[in-house]
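Read through the structure below, which is laid out as structure tokens, and then see the notes.
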Amino acid sequence: KKGVFRISGPKYSLLDILARMLYKTTNAFLKSKIKGRLMWELRRGLWRPLAFRGRLKKLFLVLRYAKFFGPLVGTCNKFRGHIFDMIKKRRQRIASQRAQKLWNELLDALSKKSKLERAVLNIQRRFRERREGKVKRRFALMSPHRDTSNRKMAHNIRKRLAEEQHLSR
């Protein structure tokens, strides 16, 4: 059932219960006043205008409170959702830190030989990536979609050569 005060959390808080009760009682009050007793109240208002005025004041007071508390309850529910998200993210961060710690302990437990092999493979992988990047940049220099201005082209070539020299160090 969709309503104004939709609760989207695993647990109901006291604020949620109070908001639902307030919404239901206000809704029931307004429906009963509007549907069943409107004409009767108007007729009664003609005969007893002071009592009718008091009833109207009460009605407007309830409407004023509803206008005030409606957005407030919505903001509180939003704040509650943010708190749940923060708690969830904190738990995830703690779990990931725990997993990272276990992973680091596992890596430390490996023998020196396997560490050396992993280091060599890592260096080889980085070398291959650099070489592929250089090839891509050379093809980009030779591509037909380059700048028409000779000055711009010369500037780009010098810049890329300096980049390659820096990367090859």
Side-chain angles (χ1 to χ4, degrees), residues 1-130 132-133 136-137 140 145 159 163 166-167:
K1 183 178 177 181
K2 291 185 178 178
V4 176
F5 304 107
R6 189 169 177 200
I7 298 172
S8 62
K11 296 178 183 175
Y12 293 106
S13 68
L14 182 62
L15 186 63
D16 294 327
I17 293 169
L18 289 175
R20 281 184 174 250
M21 286 174 53
L22 178 69
Y23 176 73
K24 285 181 180 179
T25 54
T26 307
N27 198 11
F29 173 75
L30 290 176
K31 279 185 181 177
S32 68
K33 287 295 181 189
I34 291 171
K35 282 185 180 177
R37 304 176 97 189
L38 184 64
M39 290 304 289
W40 184 73
E41 288 289 334
L42 288 174
R43 225 179 303 129
R44 195 170 168 194
L46 289 174
W47 293 107
R48 299 179 69 191
L50 293 177
F52 183 68
R53 183 173 174 242
R55 282 196 148 89
L56 276 180
K57 276 187 174 181
K58 275 186 190 175
L59 176 68
F60 288 135
L61 182 70
V62 168
L63 289 175
R64 196 176 318 136
Y65 278 127
K67 281 175 73 175
F68 174 75
F69 282 115
L72 185 66
V73 168
T75 305
C76 288
N77 278 340
K78 192 175 184 182
F79 181 64
R80 185 173 156 262
H82 289 317
I83 289 173
F84 279 140
D85 286 344
M86 281 182 7
I87 290 170
K88 187 171 125 182
K89 287 177 184 175
R90 183 174 181 268
R91 284 183 191 146
Q92 288 174 348
R93 192 183 80 241
I94 289 171
S96 71
Q97 286 174 347
R98 220 179 275 141
Q100 185 66 40
K101 185 178 176 184
L102 288 172
W103 176 250
N104 288 340
E105 288 174 2
L106 178 69
L107 290 179
D108 289 340
L110 293 173
S111 68
K112 286 186 177 181
K113 184 179 177 186
S114 63
K115 283 184 182 179
L116 181 64
E117 288 173 3
R118 278 188 292 113
V120 167
L121 290 174
N122 201 7
I123 290 171
Q124 289 174 351
R125 179 181 53 84
R126 286 184 182 160
F127 176 77
R128 283 192 295 271
E129 286 175 356
R130 253 191 217 163
E132 288 171 8
K136 284 180 185 175
R137 284 193 296 277
H145 303 290
K159 191 168 115 181
E163 229 177 63
H166 177 72
L167 288 176

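All of these numbers come straight from a predicted model, not from anything done at the bench.
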Note, F127 side chain near Q124 side chain (heavy atom, < 4.5 Å): no

Shortest non-hydrogen separation from R130 to L167 and the atoms involved: NH1-O, 2.8 Å

L46 and F52, any side-chain heavy atoms less than 4.5 Å apart: no

Atom pair CZ/CZ of R55 and R48 - distance to nearest 0.5 Å: 8.0 Å

Short side-chain to backbone donor-acceptor contact, T25 and L22, under 3.5 Å: yes

Any side-chain heavy-atom pair of V73 and L18 under 4.5 Å: no

Within-4.5 Å side-chain heavy-atom neighbours: T26 and L63: no

Test log, rule salt bridge (Lys or Arg N to Asp or Glu O under 4.0 Å), inputs E129 and R125: CA-CA 6 Å; E129 286 175 356; R125 179 181 53 84; 3.2 Å; yes

P71 versus A66, closest heavy-atom pair with distance: CD-O, 4.5 Å

With a 3.5 Å cut-off and sequence neighbours excluded, list the donor-acceptor pairs that the side chains of residues 85-95 form with protein atoms.
none

Set of residues satisfying side chain to side chain donor-acceptor pair (under 3.5 Å) with respect to E132, sequence neighbours excluded: none

Evaluation steps, side chain to side chain contact (heavy atoms under 4.5 Å, CB included), between L61 and K58: CA-CA 5 Å; L61 182 70; K58 275 186 190 175; 5.5 Å; no

